[in-house]
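Heads up: the structure comes next, in structure tokens.
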Amino acid sequence: MYRIVVICLLLCLTSTLLPAQNLTGIWRGYFIQKNYNPFTGQFVEDRYKYEVQINELPNKALEGVTYSYKTTVFYGKAVFRGLFTPGTKNLVIKETKMLEIKASDLSVPCLMTCYLDCSKKGKLQMLSGTYSSMGEKDKTDCGSGSVYLEKVAESDFEPAPFLKPHPLVEKNKSEKLTETTPSADNNIKKIQETLGIVADGKWGPASKAALLKKIPNAPPNPDFSDQQQVNALLAQIQKAKAQQPKKYKTENVTPIQSVNSAIINIKKVQQALGLMTDGSWGPKSKAALLKKIPNAKPVPDFNNTAQINALIQQLLRTSPSVPTSQSNPNEIMPILKDTTKPGVSVMPHHVIPPELTERKNKMVKEIFVSSPDVKIDFYDNGVIDNDTITVYDNNRLVVNNGRLSEKPITIYLQLSKEYPTHEIITVADNLGDVPPNTALMVITAGNERHEIFITSDEGTNAKVLITFRPDTVRVKKY
């Protein structure tokens, strides 16, 4: 009996000594603002980048600075106070004063109050929740929305004083580094020179991006004191440069007038043909079109959107992945079902890729659009950590091993009354540097815009249904 009591006491003592999550550090992600438009009777969403530098005090009070920014249109820096409740893992961050602001003359400086939940998945630490805001001067309502942040190692701005180590600590670290790794700076410069970037001896975000562009599976932060590893990396970079494909001569590509709509229409047709969507109409694109539709014009009028939409519909009808009116009516087509919601099915298909049958296809959301022209952009959600995805539209491959970043991976859909529902399934090719594989999916159809946060891993895919309803009744407000 005595032993049992002692063991219980030890277990209780151990649990109390487990390290609590430390909020001090840099948190970066975004917030989405929702504003009501009285003219359209709809809510409009705006996405801003958001960085919060937090200092957690011993009494669980919080202090620090926030940065809100959206390209060159808007930038704001504010100081905040807050409180963390460890029992519920909730925190409140209240901006109290604007320190810097850059905005248009019509903009009103606003202070945000964020209500966030703290969570952790593997090594990934997240803050997510909602916010409200009011004018700094007139205290009027500035709108509300959602917030998502991830803890990161580096800031896009100047780190706050509480994030900077003591000068003596920095001095000791630099002396130790010089003593143990005298050639590290030289090795960094060698790799930078081989990558064709400025050889300044500092390994920052630009250097990492250049390395991963050449060698996607390379470590983002190599051990520059390990000469053997550095030499192997230099050899890999040189080999990758030697294997770069030769560029086609520009005279072999049919010139198209430089309007954005024409390039978009080229990409739509290339996607319908199952080609790489590079926006350039060359010999390969012509050959693929004539193979599908022998009597088609080799160079369609890409400035004529109506003509291009008709061409895409014709291509979809002749595609083997879509049943046509000449298909055998008695032939049983396999239907991909949602494994998490029985009874949900979409357009039948001939071939289902194995990654769609061997993994669960989790239903994330179904949306309805009133425009047949749909654009989908995939972004990395928060921190860029080398997540790659493969995307299927009605079992047809449209994105193969695409790397998520701040620049979108874009696909185009042409919906119709004949086949109104498109099933978009996102497959995780890897889990990136920080599991799981996360992405932001932005769907644009006419004036409609939908943002969906999707997560996938090696056992579960993310599924979104997009359905065309041209006669959707909208509630008008007077």
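Side chains included, hydrogens not; waters and symmetry mates left out as well; all remaining heavy atoms used.
- Contact between Leu149 and Gly29 at its shortest, heavy atoms only, is CD2-N, 3.6 Å.
- Applying the side chain to side chain donor-acceptor pair (under 3.5 Å) test to Asp117 and every residue at least two apart in sequence or in another chain returns Asn90.
- Remark: side-chain polar atoms of Arg359 are paired, donor with acceptor, to backbone N or O of Asp457 under 3.5 angstrom.
- Under the side chain to side chain contact (heavy atoms under 4.5 Å, CB included) criterion, Asn55 pairs with Thr24, Leu57, Glu63, Phe162, sequence neighbours left out.
- Atom CE of Met363 and atom CG of Asn461 lie 14.0 Å apart (nearest 0.5 Å).
- Checking side-chain atoms of Thr194 against main-chain N and O of Lys190 turns up a donor-acceptor pair under 3.5 Å.
- Taking the six-membered ring where the residue is Trp, Tyr148 and Phe453 present tilted rings, their angle falling between 30° and 60°.
- Although no hydrogens or angles enter the test, the distance criterion places no donor-acceptor pair under 3.5 Å between the side chain of Gln53 and the main chain of Leu163.
- Within the structure, no pair that satisfies the ring pair (Phe, Tyr, Trp, His ring centres under 6.0 Å) test touches residues 427-452, not counting sequence neighbours.
- To the nearest 0.5 Å, the span separating CE on Met112 from OG on Ser68 amounts to 6.0 Å.
- Note that NZ of Lys463 is 6.5 Å distant from CG of Asn361, once rounded to the nearest 0.5 Å.
- In this structure a side-chain-to-backbone donor-acceptor pair under 3.5 Å is missing from Trp203 to Pro222.
- Taking 4.0 Å as the cut-off between side-chain N and carboxylate O, Asp156 and Arg28 count as a salt-bridged pair.
- Expressed to the nearest 0.5 Å, how far CD1 of Ile389 lies from CG of Asn401 amounts to 10.0 Å.
- Under a 3.5 Å cut-off, the side chain of Asn187 and the backbone N or O of Phe224 do form a donor-acceptor pair.
- Here Leu83 pairs with nothing under the side chain to side chain contact (heavy atoms under 4.5 Å, CB included) rule; sequence neighbours left out.
- The side chain to side chain contact (heavy atoms under 4.5 Å, CB included) search around Lys365 returns Ile367, Ile452, not counting sequence neighbours.
- When all heavy atoms of Lys151 and Trp27 are compared, the pair lying nearest together is N-CE3, 3.4 Å.
- In terms of heavy-atom proximity, Leu440 sits nearest to Tyr30 at CD1-OH, 4.5 Å.
- Ring planes of Phe157 and Tyr75: tilted class, angle from 30 to 60°.
- Within the 3.5 Å criterion, the main-chain N or O of Ser207 finds no donor-acceptor partner in the side chain of Gln192.
- The minimum heavy-atom distance linking Leu212 with Ala218 is given by the pair CD2-O, 3.4 Å.
- No side-chain donor-acceptor contact under 3.5 Å links Thr113 and Glu95.
- The side chain to side chain donor-acceptor pair (under 3.5 Å) test applied to Glu451 returns Arg449, not counting sequence neighbours.
- When all heavy atoms are compared, the tightest approach of Pro436 to Ser456 is CB-O, 4.0 Å.
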Verdict with supporting geometry, Thr467 and Thr421, side chain to side chain donor-acceptor pair (under 3.5 Å) = CA-CA 4 Å; Thr467 299; Thr421 299; 3.1 Å; yes
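- Under the salt bridge (charged side-chain N to carboxylate O under 4.0 Å, His left out) criterion, Lys208 pairs with Glu154, sequence neighbours left out.
- Within the 3.5 Å criterion, the main-chain N or O of Thr88 finds no donor-acceptor partner in the side chain of Thr85.
- Annotation: salt bridge (charged side-chain N to carboxylate O under 4.0 Å, His left out) contacts of Asp429 (sequence neighbours excluded): none.
- Looking at Tyr379 and Glu406, their side chains never bring a donor and an acceptor atom within 3.5 Å of each other.
- With no hydrogens or angles considered, a side-chain donor-acceptor pair links Asp223 and Ser225 at under 3.5 Å.
- Cys114 is linked by a disulfide (SG to SG under 2.5 Å) to nothing, counting only residues two or more places apart in sequence or in another chain.
- One finds no salt bridge joining Glu193 and Lys189 here, because no Lys/Arg side-chain nitrogen approaches an Asp/Glu carboxylate oxygen to under 4.0 Å.
- In terms of the side chain to side chain donor-acceptor pair (under 3.5 Å) criterion, residue partners of Glu355 (sequence neighbours excluded) are, by chain and number, Tyr392.
- Note that the CG atom of Asn400 and the OG1 atom of Thr390 stand 5.0 Å from one another [nearest 0.5 Å].
- Across all their heavy atoms, Ser144 and Ser132 have their closest contact at CB-CA, 4.1 Å.
- Looking at residues two or more places apart in sequence or on another chain, you find a salt bridge (charged side-chain N to carboxylate O under 4.0 Å, His left out) between Glu158 and Lys164.
- Scanning for side chain to side chain contact (heavy atoms under 4.5 Å, CB included) contacts around Thr130 gives Tyr115, with sequence neighbours left out.
- Under the 3.5 Å distance criterion, with hydrogens and angles disregarded, a donor-acceptor pair is assigned to the side chains of Asp377 and Thr410.
- With 3.5 Å as the limit, one finds a donor-acceptor pair spanning the side chains of Glu448 and Ser370.
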Evaluation steps, side-chain contact (heavy atoms from CB on, under 4.5 Å), between Ile454 and Phe378 = CA-CA 10 Å; Ile454 58 176; Phe378 293 90; 4.3 Å; yes
